[in-house]
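Atoms within a ligand are numbered from 1 in the order they appear, just like the ligands themselves.
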Amino acid sequence: MAITRAVSRAIGRCELTHLERKPIDAQRATEQHEQYEACLRGLGCEVQSLPEEPELADSVFVEDAAVVLDEVAVVTRPGAESRRAETASVARALEPYRELVRIEAPGTLDGGDVLQSGRTLYVGRTARTNDAGIQQLAKLVEPRGYKVVPVEVRGCLHLKTAVTQVGENMLLVNPQMVETGAFGGAEFVEVDESEPTAGNALLIDGTVVYPAAYEKTLRRLEQQGIKVAAVDVSELLKAEAGVTCCSLVFEKH
Ligand code: GLY
């Protein structure tokens, strides 16, 4: 199952932290997003696309609104105030599938800061995710058998800008942005140095959905024997986003 949301016509006013603002063609972003959704369908996902939120510029990035685990969905409290109104509709969409629990003030947590590896949740300590948010997450999920490991992140928006899963025990990483030692016994593929923001990949059932723009890193992934489904998300990348940000993927049960 993949929950997505149509691109907001206000995407040009999105939050930006480390990127310079460039004009975003909302129509082109919408077309690219539809191709992304088609790619998810091609990989076997049932895509539930939520309607556009014309006033919520970043609302296409549904990943930040929730952390969906097998047992429970944690509705977040996004670190950017402009994004807090995004969670209500995502929570409604998740309600049929999971018990819902919530991060409360003063905690903040963006789903983009949570990297799941089995029963471990690595959580980036960033401008979007604070210690109170991490502590609340731990309190909510540790009784359900998860371990929460805070991770320091440098020079990027979210933990998953720096590192994502591309295989059972393999992570794609920019080692300038995060210490690889934080991730136990994982193997790593490093992004090409000329593509520092290339660390975000979406692993679905053995295939990695990946931005076509990061050609050199894409080649490295393929050289490692990783199956890649390339998508053109160039307009969405201008909004300081990646391929994980645009969906919440989980098993329906
Ligand atoms: N534009 C993505 C974010 O800042 O949340």
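Taking the side chain as every heavy atom from C-beta outward, Met170 and Val208 never approach each other to under 4.5 Å. Proximity of Asp113 to Arg128: side-chain heavy atoms (C-beta onward) are separated by under 4.5 Å at one or more points.
How far CG of Leu248 is from CZ of Arg98: 11.0 Å, rounded to the nearest 0.5 Å.
Within the listing of ligand 1, atoms 3 (C), 4 (O) sit less than 4.0 angstrom from a heavy atom of Leu157. Near Glu240, the atoms of ligand 1 lying under 4.0 angstrom from a non-hydrogen atom of the residue are 2 (C).
For atom 5 (O) of ligand 1, the closest heavy atom belonging to the protein is Arg83 NH1, 2.7 Å. Remark: minimum distance from atom 4 (O) of ligand 1 to any protein heavy atom is reached at Arg128 NH2, 2.7 Å.
Residues Val149 and Tyr146 are members of separate hydrophobic clusters, defined by side-chain heavy-atom contacts under 4.5 angstrom among Ile, Leu, Val, Met, Phe, Trp and Tyr.
Contact annotation: for Thr17 versus ligand 1, there are no heavy atoms closer than 4.0 Å.
The 12-atom threshold is not exceeded at CD of Glu55, counting heavy atoms of other residues, nucleotides or ligands nearer than 6.0 Å.
In the candidate list Cys14, Ala239, Cys245, Ala239 is nearest to atom 1 (N) of ligand 1, counting heavy atoms.
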